[in-house]
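Remarks on the structure that follows.
Computed over heavy atoms, backbone and side chain alike; hydrogens, waters and symmetry mates excluded. Chain letters run A, B, ... following the sequence lines, proteins first and then strands; every chain starts at 1.
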Amino acid sequence: MAGFYNAAMLDIRIVREDPDKVRARLASRGAGAEADIDEVLRLDEARRKGLAEVEQLKSLRNRVSKDIGVLMGQKKLADAEALKTQTRQVGDRIAQLDKEVAEAESQRDDLLLRIPNMPHESVAIGRCAEDNPVVRVHGAPEIFSFKPKGHVELCESLKLVDFARGAKLSGSGFLLYTNWGARLERALIQFLLDLHTLEHGYTEVSPPFIVQRECMTGVGQFPKFLDQAYAVQEGTDGSTLGRLFLVPTAEAPVANIHREEILKASQLPIRYCAYSPCFRAEAGAAGVGTRGMIRVHQFDKVELIKIVDPAQGHAELERLVLDAEQALQRLGLHYRVIQLCTGDMGFASAKTYDIEVWAPGQGGYLEVSSCSNCEDYQSRRMQLRYRTESGENRFPHILNGSGTALARLFVALIETHQQADGSVLIPPPLRPYLRTDRISIES
RNA sequence: GGAGAGAUGGCUGAGUGGUUUAAGGCACACGCCUGGAAAGCGUGCGUAUGUAAAAAGUACCGAGGGUUCGAAUCCCUCUCUCUCCGCCA
């Protein structure tokens, strides 16, 4: 088994062949991720040296064992015994070397799993969110003839969300949608799924909302962000704790659908679209922060996943962003697309665009979508490959994007379309789903 | 939760300690044959590591450990699948 799972995100061969380039590109992220490269190289060297030696010994042992079999067939038992005694030491040495090799390999891979992806060359260099370039802006902030209310006030007056009882049920950061609020949430989910499946060509899937550890590792959530997840256990059986996790995004199950498979080139591109609730413990950043619906422990999201030929990866990312933007355009919302700079990108991503929607009540933009091309970082971790026409096995690019996150979309929608009389006008594409064109206090 | 049966390469399916470190079939690729195709015949065809590239070598028969000179094969633990029973939306 040793050696089969090169459970790393960075291609160890690239690290081996051009460590300076790898270090430089990781350094552009800021977080000091490049520091572990030397140690990775050292462990890799030790592993390969041990492997070369142990394989020679195994070859010897295999030959001798075969001879023993032949001798025994010829009833030359004394000769066979002599060879056995002689080979016993070889076996011991092999066992010892095997252990050393496995040890070096697992240490190497533990380190590699904690090193983030390398940013794509086209990504802007920067340190933090202030350095993110704005790519494009759609529309303009709504002009109101009155002072627009915030979503918390709207939700309370229209009885869309019962914040107090949500907290009573599950603690702060959990929402109880009520009546028109619940219906609006459901309408948005269905609108988004229909848009992406019927018009953008994605295949809808409905995945489990609890996944195994391997899924989380596959997409790069683990091991580094273990403390952000909700771990579950079965009843009072503590030994089951940490085997299953509530999904932080549908990306976790959906991107892993083809884990450890070898796809045919003709199957690509694969485009999946899935609704799921998203659970985020956000340990550390926890608690306080924003009142209302902007930062919560559970929210709904429609996620888009693509598995594509590496040559198409970055073109597909551009299209993915447009697909997500389309949702906001149909709902009549003002938004901007920004590119995350090297220092602000997520762990697994090589290139990321965020879409931020304007929320008049907040007087600011809310992140409702993050679209990334993780290149082969995730496919490598999950051993997902495809076979080219020429019979070669390669790692495809895996992309993910929110299409879009709901709680914040909900906020932007009601704040943008609120009327002077306190009602909210429903944009036309949503009306068939909601079966009303307006949510008002009386309705 | 109880009882039983299983897990082998893209699929199917042999193989209960050593000339099998995976037979045969299907599918696939190339060639022969053909006016063209099918059939037939021949060759090739798992994954990974290794190599400048190749070849050799090595590892992999659900996972992990053990016995042995040698394990797909024997022993132990675990996971998953299927059938039946119980419970349950």
Only pairs under 3.5 Å count here: list side-chain donor-acceptor contacts from residues 56-65 of chain A, not counting sequence neighbours, and write none if there are none.
from    : atom 1 : to      : atom 2 : distance (Å)
A:Lys58 : NZ     : A:Asp98 : OD1    : 3.2
A:Lys58 : NZ     : A:Asp98 : OD2    : 3.3
A:Ser59 : OG     : A:Arg63 : NH1    : 3.2
A:Asn62 : ND2    : A:Lys58 : O      : 3.4
A:Ser65 : OG     : A:Arg61 : O      : 3.0

Structure string for RNA chain B in dot-bracket form, Watson-Crick and G-U at under 3.5 Å, | interchain: ((((((((.[[[..)..(.....]]].(((((.......))))).((((.......)))).[[[[[..)....]]]]])))))))....
I need the CD1-P distance between A:Ile68 and B:G17, as an integer number of Å. 18 Å
Just the rounded figure in Å: distance from C1' of B:C45 to CG of A:Asn393. 13 Å
Which one of A:His196, A:Glu303, A:Lys306, A:His258 satisfies the side-chain hydrogen bond (donor to acceptor under 3.5 Å, both in side chains) criterion with A:Tyr272? A:His258
C1' spacing across the pair B:G62 / B:A5, given as an integer number of angstrom: 16 Å
Whole-Å P distance, B:C75 and B:U83: 27 Å
In whole Å, what separates the C1' atom of B:G42 from that of B:G35? 23 Å
Could you state the atom-to-atom distance from CZ of A:Phe395 to C1' of B:U47 in whole Å? 11 Å
Between A:Phe245 and A:Phe222, is the gap from one ring center to the other below 6.0 Å? yes
Length of the line joining A:Lys99:NZ and B:A59:P, which is rounded to integer Å: 20 Å
Distance in angstrom units between A:Gln383 CD and B:A63 C1', rounded: 16 Å
A:Lys84 has an atom NZ; how far is it from atom P of B:G70, in whole Å? 10 Å
List for me each residue that meets side-chain hydrogen bond (donor to acceptor under 3.5 Å, both in side chains) alongside A:Arg23, sequence neighbours excluded, and say none if there are none. A:Asp20, A:Asp38
Using a heavy-atom distance cut-off of less than 4.0 Å, which residues of residues 48-67 of chain A contact RNA chain B? A:Arg48, A:Glu55, A:Lys58, A:Ser59, A:Arg61, A:Asn62, A:Ser65, A:Lys66
Taking atom C1' in both B:C28 and B:U19, compute the distance separating them and give it to the nearest angstrom. 31 Å
Given the P atoms of B:C78 and B:C26, what is the spacing between them in whole Å? 42 Å
Same-atom distance (P) from B:G66 to B:C30, integer angstrom: 47 Å
Note: contacts of residues 85-97 of chain A with RNA chain B (heavy atom, under 4.0 Å) are A:Thr87, A:Arg88
Between B:A23 and B:G6, how far apart are the two C1' atoms, rounded to whole Å? 22 Å
Determine the Euclidean distance between corresponding C1' atoms of B:U79 and B:G64; express it in Å to zero decimal places. 10 Å
For residues 203-215 of chain A, which residue pairs qualify under side-chain hydrogen bond (donor to acceptor under 3.5 Å, both in side chains), counting only residues two or more places apart or in two chains? none
